[in-house]
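Model, not experiment: these values are computed from the prediction. Numbered from 1 within each chain, the chains take letters A, B, ... in sequence-line order.
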Protein chains: 2
Amino acid sequence: MNKQRKPTKATVVLEKLQDDILTGKLAPEEKLPIEVLKKKYGLSGSPLREALSRLVVNGLVKEEQQCGFCVAPLSLDEFYDIYDIRARIESMALEMAIANGDDAWEADILASWHKFSKYIDPRLNKNVDPKKWDELQKEFLFSLVKACGSPWLLKIRAMLFEQTARYRAVCISAKVHDEKGTIGLLKMDEKLVAAVLARDAQNACQISEEAYRMSVAHTAEELKKRMPEGIKHTESHNERREEKRRKRS
Amino acid sequence: MNKQRKPTKATVVLEKLQDDILTGKLAPEEKLPIEVLKKKYGLSGSPLREALSRLVVNGLVKEEQQCGFCVAPLSLDEFYDIYDIRARIESMALEMAIANGDDAWEADILASWHKFSKYIDPRLNKNVDPKKWDELQKEFLFSLVKACGSPWLLKIRAMLFEQTARYRAVCISAKVHDEKGTIGLLKMDEKLVAAVLARDAQNACQISEEAYRMSVAHTAEELKKRMPEGIKHTESHNERREEKRRKRS
DNA sequence: TATTTGCAAATTGTCGAAAATCCTGTTATT
DNA sequence: AATAACAGGATTTTCGACAATTTGCAAATA
């Protein structure tokens, strides 16, 4: 009998904040003044600070002592870093899952692959919702490694996944309309599923890493196009301060 | 130009709590009632909850909604898991560092290895402080991977390192008095340094993993002696997993 | 006897205000 | 003119009290 405990306001607002950051409603480098957030989310300072503190640890929020919180910045450097590490971790988990997985694991892969592939296939579905695309893909990728047997590896993986979501969000809509690219992705993932179910770890990892490489290249293109805006925002922020100082002197 | 900001009480008490948990002053599963902590650390609830919230995210503290916080439990299951993942992550970082490291990196390895090895060698130093042993070893191991080039990998590694510290602490004093074991460790680490400086990644990783395996075996022995009965019941399962890991390499 | 119900005590979670700290623009000093 | 010292205002951080929730225990019920 699992006792259902009422979630605290802190955890509720944590999820809301996380979602707002991941979807870009709160922009990178944006300042997060408590006074504003209090009104926006309709609660007091304590649970807010609690939520923000948690987000600091997993890297979505940055804190400067005595100067409050802000959304963690985005950078190309970090983007390449996270994707690189994420691909390696994913391979590691994949290898372990292939060694450990049982029948239920295989069944789960087939099920989530079915749902994901049918949904995003432009030949079957013309109206894909980027949000749902992301959700289904997440479930599919998770099903592959779920059976790796290591809670900590899954925890680390989840953390990296969350981080990359922020970068993906920048250009997710672009992907939806790239019919040719989508079909390529489908074919590649299909090969991946086949390799995993055949318990061919080496091949599976190779395909997985290849998929990551393509994804990185694609996303980086979009990022370079759009990041200037994101960065300009913070730069202008800094420059405004600089300018003010210059004017006065 | 680095402005020194005064640290908040929350961050101060965070470090104190972390230290108390890592050194075992706060026992695993021990309840952490705020009323008690308030008196113990001499401050109010808000910064305390903030610190505890952070510790929840990185896994040192467990929270149950509406029922407060407690020190995260220790279990053999988790012990094997963390060490396994940590060894793999360490190999990954080692490989990258060997590929990326420069002269300064090599120099740093030699320096910290010198300090560490001289200090723990029972033929040179009879009065070793376990705390300092741990500190020097930490610095030495960090120097090996520092040049891996990935901030995120280092962050993950640091997190796992912290976690294992708690398990090590249970039996750290035993290690200090095992003269033969210490000399064995020294020899092994010496070979590791040689392999790293020779940029022989494969060999280095092999030695590193071998060292972890020995460490796991040794620590597990001590843990089994000291841990309460209830926790041991999954032991056979864990050992099977260890077997699998051993065979693979 | 075993299970459920209901109340009191204890503890957690939240609030609003007070204290501490930082930033900005002005004035004083060299 | 450049630098340092200093208030005023804004923001962050902390406190102490209040509200909400759980837990323990005893009485009631089957």
Revision key, fill the gap. The reported gap from OH in A:Tyr80 to CG in A:Leu223 (rounded to nearest 0.5 angstrom) is 8.0 Å
Point to revise | Spacing of CE belonging to B:Met159 relative to CD1 belonging to B:Ile82, to within rounding of 0.5 Å | key: 9.0 Å
Distance check needed: [N] [atom2] versus [X] [atom1], whole Å only.
{"X": "A:Lys9", "N": "C:dG13", "atom1": "NZ", "atom2": "C1'", "answer": "9 Å"}
{"X": "B:Gln65", "N": "C:dT12", "atom1": "CD", "atom2": "C1'", "answer": "11 Å"}
{"X": "A:Glu64", "N": "C:dC22", "atom1": "CD", "atom2": "C1'", "answer": "12 Å"}
{"X": "A:Glu50", "N": "D:dT13", "atom1": "CD", "atom2": "P", "answer": "15 Å"}
{"X": "A:Glu35", "N": "C:dG16", "atom1": "CD", "atom2": "P", "answer": "11 Å"}
{"X": "B:Leu37", "N": "C:dA10", "atom1": "CG", "atom2": "P", "answer": "19 Å"}
{"X": "A:Leu48", "N": "D:dT14", "atom1": "CG", "atom2": "P", "answer": "15 Å"}

Of all residues at least two apart in sequence or in a different chain, which pass the side chain to side chain donor-acceptor pair (under 3.5 Å) check with [X]?
{"X": "B:Asn58", "result": "B:Glu162"}
{"X": "A:Ser46", "result": "none"}
{"X": "B:Gln163", "result": "none"}
{"X": "B:Ser53", "result": "A:Arg54"}

Point to revise | Under 3.5 Å side-chain donor-acceptor pair for B:Tyr41 and B:Asp20 | key: yes
Pairs under 3.5 angstrom, nitrogen or oxygen only, protein versus nucleotides 16-21 of chain D, please.
from   : atom 1 : to     : atom 2 : distance (Å)
D:dT21 : OP1    : A:Lys6 : NZ     : 2.4

Review point. B:Arg5 side chain: which of D:dT12, C:dC23, C:dT12 is closest?
Key: C:dC23
**Study point:** Nearest-neighbour nucleotide for the B:Leu43 side chain, D:dT13, D:dT12, D:dC15 considered
**Key:** D:dC15
Exercise for review: Could you note down all residue pairs passing salt bridge (charged side-chain N to carboxylate O under 4.0 Å, His left out) where residues 137-153 of chain B supplies at least one of them, sequence neighbours left out?
Suggested key: B:Asp108-B:Lys146
Check your understanding: Quick one: bend of the helix from C:dT1-D:dA30 to C:dT30-D:dA1 from 5 pairs per end, to 10°?
Key -> 20°
Check your understanding: By salt bridge (charged side-chain N to carboxylate O under 4.0 Å, His left out), which residues pair with A:Asp19, not counting sequence neighbours?
Key -> A:Lys131
Review point. Looking at residues at least two apart in the chain, or sitting in another chain, which of them share a salt bridge (charged side-chain N to carboxylate O under 4.0 Å, His left out) with A:Lys38?
Key: A:Glu35
Review point. What are the residues of residues 12-19 of chain B, sorted by number, that bring a heavy atom to within less than 4.0 Å of DNA chain D?
Key: none
Review point. Side-chain N or O of B:Arg49 less than 4.0 angstrom from OP1 or OP2 on C:dT12?
Key: no
Which donor-acceptor pairs under 3.5 Å do side chains of residues 64-74 of chain B form with protein atoms, sequence neighbours excluded?
from    : atom 1 : to     : atom 2 : distance (Å)
B:Gln65 : OE1    : A:Thr8 : N      : 3.4
B:Gln66 : NE2    : A:Lys6 : O      : 3.2

Exercise for review: Give a yes or no on this: more than 12 heavy atoms of other residues, nucleotides or ligands lie within 6.0 Å of atom CG of A:Asp102.
Suggested key: yes
**Study point:** Sub-4.0 Å heavy-atom contacts from residues 51-61 of chain B onto DNA chain C, ordered by number
**Key:** none
